[in-house]
Amino acid sequence: MKEFIIKANKAVTNGEINLKDLPGSSGRLDLLCRCVNSAFFLSHDMRRDTIFYSVNYGSPNPPVALKFVGSELKRVSPDERSIALFIKKALEKDASELWKESTSGIYSSKREFRDIILEKKNEGKRIFYLHLNGKPLEDFEFKDDEDFLFVLGDHIGIGDKDEEFLEELGAEKISLSPLELHADHCIILVHNILDRLK
Ligand SMILES: C[S@@+](CC[C@H](N)C(=O)[O-])C[C@H]1O[C@@H](n2cnc3c(N)ncnc32)[C@H](O)[C@@H]1O
C-alpha cells in the first residue's frame with residue numbers, strides 16, 4: 001500500500017469554493033487537485049492501492065483533513081474541476097474527529113497533519129519525507145512488500161516545526177531530483193519507482 005500526505009497550508013476548510021478560481025480564493029486548491037490526479041489516475045484505470053491525504057490549514061476552520069481511498073473512488077474524473085467539485089462536497093460536511101464519507105472513497109475529519117503521520121508510523125509504515133535536500137533516491141532500497149507513507153509540502157513547504165517532528169520520528173528524508181519539483185510531479189516519480197519493483 002502506498003500512501004501520500006500533503007500539508008496544504010492555505011487550502012480552504014469549508015465548501016465555499018469558487019471552481020473558477022482554484023489557485024486564488026481557494027488557497028491553491030489547484031495544486032491539491034493535481035496531486036489527487038497524480039496519486040490515482042492512470043490512462044483508463046485507477047491506482048487502487050493508493051491512499052492520499054491532504055491536511056488543509058486555510059480559513060475559516062483549520063485543520064480539516066481529507067482522505068481519498070483509491071479502492072473506493074467512484075465517478076471522479078481526472079480534470080481539476082471535477083476533483084475540486086468532490087473536494088467541495090467533502091468540505092461542505094462539518095468535520096469531526098471520526099472520518100466522515102462525503103462521496104464514495106472521499107472522507108473528511110478534524111485531524112492534524114502530525115496526528116495522521118504518527119498514526120501511520122504506529123501502524124508500522126515506512127515514512128519518507130520528500131525534500132530537495134534529502135539523501136538521493138539512489139541511496140535507498142525499496143521492497144515490494146513494504147507499506148509506505150510519503151510526506152510532501154505544498155508551494156510553501158511544511159515548515160521547521162513539522163520538519164523537526166519528522167526527524168524525531170525517524171522519517172527518511174529523500175530527494176528525487178537535484179531540481180525543485182512540484183508536489184504532484186513527485187507523486188508520479190514515486191509511483192514510477194514503486195511500479196518498477198513489480
Ligand atoms: C514546490 S515544492 C515546495 C517548495 C517550497 N518552497 C519548500 O520550501 O518546500 C513542493 C514539495 O515537493 C517536494 N519536492 C520538491 N522537489 C523535490 C525533490 N527534488 N525531491 C524530493 N521532493 C521534492 C517537497 O515535499 C516540497 O515540499
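Just so it is clear, the structure is predicted and the values come from calculations on it, not from any experiment. Residue indices begin at 1 and follow the sequence shown. Just follow the structure's listing: the first ligand is 1, and inside any ligand the first atom is 1.
- Judged by the 6.0 Å and 45° rule, K67 forms no cation-pi pair with F52.
- Considering only non-hydrogen protein atoms, atom 13 (C) of ligand 1 sits nearest to C186 SG, 3.6 Å.
- Close contacts between ligand 1 and L152 involve ligand atoms 25 (O) [criterion: under 4.0 Å to a heavy atom].
- Nearest protein neighbour of atom 20 (N) of ligand 1, counting heavy atoms only, is L176 N, 2.9 Å.
- Residue-ligand proximity, I174 to ligand 1, at heavy-atom distances under 4.0 Å covers atoms 21 (C).
- Under the 4.0 Å criterion applied to side-chain N and carboxylate O atoms, K198 and D49 are assigned as salt-bridge partners.
- Protein heavy atom nearest atom 9 (O) of ligand 1, with residue, atom name and distance: G157 CA, 3.4 Å.
- Distance from atom 11 (C) of ligand 1 to its nearest protein heavy atom, with residue and atom name: G153 O, 3.1 Å.
- The atoms of ligand 1 that sit less than 4.0 Å from any heavy atom of H131 are 20 (N), 21 (C), 22 (N).
- Cation-pi geometry between R126 and F142 is met: under 6.0 angstrom from the ring centre, within 45 degrees of the axis.
- I51 is listed as a side-chain neighbour of Y53, based on a closest heavy-atom distance under 4.5 Å.
- Below 30°, between 30° and 60°, or above 60°: for F128 and F150 the angle between ring planes is below 30°, a parallel geometry.
- Geometrically, ligand 1 and Y129 share no nitrogen or oxygen pair separated by less than 3.5 Å.
- A cation-pi geometry, defined here as NZ or CZ lying under 6.0 Å from the six-membered ring centre and within 45° of its normal, does not hold between R47 and F40.
- A salt bridge does not link K93 with E101: none of the charged nitrogens is closer than 4.0 Å to a carboxylate oxygen.
- Put simply, the side chain of D147 gets close to the backbone of M1: a donor and an acceptor are under 3.5 Å apart.
- Residue, atom and distance of the protein heavy atom nearest to atom 2 (S) of ligand 1 are L181 O, 3.3 Å.
- Nearest to atom 6 (N) of ligand 1 among the protein's heavy atoms is H155 O, 3.4 Å.
- A salt bridge is defined here as a Lys NZ or Arg NE, NH1 or NH2 lying under 4.0 Å from an Asp or Glu carboxylate O, and D154 with R28 fails to meet this definition.
- Within the 4.0 Å heavy-atom criterion, neither part of I158 lies near ligand 1.
- Ligand 1 has at least one atom lying under 4.0 Å from a heavy atom of D154.
- Looking from atom 25 (O) of ligand 1 to the surrounding protein, the closest heavy atom is L130 O, 2.6 Å.
- The protein non-hydrogen atom at the shortest distance from atom 8 (O) of ligand 1 is I156 O, 3.8 Å.
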